[in-house]
Amino acid sequence: MTPMVKADQVCKSFGSLEVLKGIDIEVGAGEVLCLVGPSGSGKSTFLRCINHLEKVDAGRLYVDGELVGYRQKGDKLYEISAKEAARQRREIGMVFQHFNLFPHRTALENVIEAPMLVKGESKATATARARDLLDTVGLSAKADAYPAQLSGGQQQRVAIARALAMEPKLMLFDEPTSALDPELVGEVLSVMRDLAKAGMTMVVVTHEMGFAREVADTVAFMDNGVVVEVGEPGDVLGAPQHQRTKDFLSKIL
């Protein structure tokens with residue numbers, strides 16, 4: 001089967017700083033990959049490369065068999081147009097550390113915005129699905145609330161519903177709980193667990209090792225721009241082979 005995500009020697013630099021140094025990784029359809037590691041290891045940059053928010057400098061990235069951000073002719077790569085990149089991005093949902101909700105729109109209005117503007121859905125169709133999604137994330141009673149009236153955990157759950165409203169085939173989560181108060185983390189992770197059970201393909205940058213151990217099919221430990229160790233959660237988190245992985249886990253577990 002075609003992997004949902006395939007990275008082949010992906011490299012990315014910002015000026016003289018090499019952030020990704022040849023990342024090779026695959027995520028099967030319906031699988032959950034958790035990326036763990038210290039801050040600055042390249043996890044979030046790699047996530048942003050998957051939907052072409054960052055351009056790769058070398059290597060190839062594929063989503064569902066389609067080359068991301070580029071078209072290949074012969075041995076050469078040509079960057080696709082902004083319009084084509086936006087088309088690719090429509091099928092990839094992304095949830096950020098900070099919720100980025102429109103403050104002047106209600107929870108419901110935040111969720112229906114993209115399907116109406118980008119996909120041309122009718123307001124009735126978009127609203128019906130948005131209400132279903134808000135129910136899915138446990139916020140049906142908050143449809144008419146504005147972001148300022150919601151807790152951080154509730155805002156992040158609206159952000160997840162907003163991403164799901166585009167009916168993506170892949171969901172990317174960039175440390176979705178790191179900006180939350182500790183008591184609000186559980187409600188967001190619960191929604192993500194339900195998504196995983198429903199078969200959504202997910203790539204998650206996280207510091208929540210319990211979540212990674214429970215939900216991930218694969219855990220990749222990244223450090224200094226490389227994948228140091230990758231495998232099943234019980235192996236990487238429970239019996240790491242590399243000293244760098246052992247040192248990292250000893251400080252946080």
Side-chain angles (χ1 to χ4, degrees), residues 1-97 100 114-115 117-120 163-164 166-175 200-205 216-231 242 244:
M1 287 179 64
T2 302
M4 183 59 74
V5 179
K6 179 179 171 64
D8 179 13
Q9 284 296 294
V10 169
C11 297
K12 174 67 183 176
S13 296
F14 295 103
S16 61
L17 178 64
E18 280 187 283
V19 180
L20 301 176
K21 305 171 183 176
I23 302 295
D24 288 313
I25 209 156
E26 289 190 8
V27 186
E31 292 185 350
V32 178
L33 166 67
C34 282
L35 300 172
V36 303
S39 297
S41 58
K43 307 182 301 296
S44 293
T45 298
F46 176 61
L47 205 69
R48 291 171 64 85
C49 287
I50 293 174
N51 65 358
H52 202 51
L53 288 176
E54 298 289 355
K55 302 174 187 178
V56 303
D57 296 323
R60 306 280 193 278
L61 254 173
Y62 302 87
V63 171
D64 202 15
E66 183 178 7
L67 187 61
V68 172
Y70 296 88
R71 182 178 294 104
Q72 185 162 346
K73 290 184 180 177
D75 292 333
K76 291 191 175 180
L77 288 182
Y78 299 89
E79 189 173 1
I80 61 178
S81 69
K83 186 176 180 180
E84 289 175 293
R87 177 194 60 78
Q88 287 186 336
R89 217 173 275 132
R90 277 169 52 171
E91 300 190 304
I92 304 172
M94 187 156 185
V95 177
F96 298 89
Q97 215 170 326
N100 300 326
L117 285 181
V118 179
K119 297 177 78 173
L164 292 172
M166 290 295 286
E167 300 179 293
K169 55 189 174 185
L170 169 65
M171 284 286 285
L172 308 177
F173 292 88
D174 188 7
E175 298 191 28
M200 175 61 75
T201 311
M202 296 159 55
V203 181
V204 184
V205 173
D217 296 284
T218 306
V219 170
F221 171 68
M222 289 181 65
D223 186 41
N224 198 29
V226 299
V227 175
V228 176
E229 194 162 351
V230 62
H242 292 260
R244 182 65 190 93

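Here the shortest heavy-atom pairing between Ala163 and Gly93 reads CB-CA, 4.2 Å. Residues Cys49 and Leu20 come closest through the heavy atom pair SG-CD1, 4.1 Å. For the residue pair Leu35 and Val203, the shortest heavy atom distance occurs at CD1-CG1, 4.0 Å. The minimum heavy-atom distance linking Pro3 with Glu26 is given by the pair CG-OE1, 3.9 Å. What you find for Cys11 and Gly22 is that their closest heavy atoms are SG-N, 3.4 Å.
Here the side chains of Leu170 and Val27 are not in contact, with every heavy-atom distance at 4.5 Å or above. Within the 4.5 Å cutoff, side-chain heavy atoms of Ile25 are placed close to those of Val230. Side-chain contact between Ile80 and Gln88 is present, with at least one heavy-atom pair separated by less than 4.5 Å. In this structure the side chain of Glu84 never reaches within 4.5 angstrom of the side chain of His52, judged on heavy atoms. Contact of the Leu77 side chain with the Arg71 side chain is not registered, since no non-hydrogen atoms from C-beta on lie closer than 4.5 Å. Between Lys12 and Arg48, every side-chain heavy-atom pair lies at or beyond the 4.5 Å cut-off. With a 4.5 Å cut-off on side-chain heavy atoms, Val204 and Cys34 count as touching.
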Show the numbers, then the answer: is there a side-chain contact (heavy atoms from CB on, under 4.5 Å) between Met94 and Ile50? CA-CA 10 Å; Met94 187 156 185; Ile50 293 174; over 6 Å; no
Compile the donor-acceptor pairs under 3.5 Å between side chains in residues 217-224 and protein atoms, sequence neighbours left out, one pair per line.
{"from": "Asp217", "atom 1": "OD2", "to": "Val32", "atom 2": "N", "distance (Å)": "2.8"}
{"from": "Asp223", "atom 1": "OD2", "to": "Arg244", "atom 2": "NE", "distance (Å)": "2.8"}
{"from": "Asn224", "atom 1": "OD1", "to": "Lys21", "atom 2": "NZ", "distance (Å)": "3.4"}

Output side-chain donor-acceptor pairs under 3.5 Å for residues 58-65, partner residues at least two apart or in another chain, one line each.
{"from": "Arg60", "atom 1": "NE", "to": "Gln72", "atom 2": "OE1", "distance (Å)": "3.2"}
{"from": "Asp64", "atom 1": "OD2", "to": "Lys169", "atom 2": "NZ", "distance (Å)": "3.1"}

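In this structure, Ser41 contributes its side chain and Pro38 its backbone to a donor-acceptor pair below 3.5 Å. Checking side-chain atoms of Glu229 against main-chain N and O of His242 turns up a donor-acceptor pair under 3.5 Å.
To the nearest 0.5 angstrom, Met200 atom CE is 9.0 Å from Met4 atom CE. Atoms OG1 and CG, from Thr45 and Leu17 in turn, are 9.0 Å apart once rounded to the nearest 0.5 Å. Taking CD of Glu54 as the start and OG of Ser44 as the end, the distance is 10.5 Å to the nearest 0.5 Å. Here Leu53 contributes atom CG and Arg89 contributes atom CZ; the two are 5.0 Å apart, rounded to the nearest 0.5 Å. How far CZ of Arg87 is from CD of Glu66: 4.5 Å, rounded to the nearest 0.5 Å. Separation of atoms OG1 (Thr201) and CD1 (Ile92) is listed at 11.0 Å; rounding is to 0.5 Å.
A cation-pi contact, defined as under 6.0 Å to the ring centre and within 45° of the axis, is absent between Lys43 and Phe46.
Under the salt bridge (charged side-chain N to carboxylate O under 4.0 Å, His left out) criterion, Arg90 pairs with no residue at all, not counting sequence neighbours.
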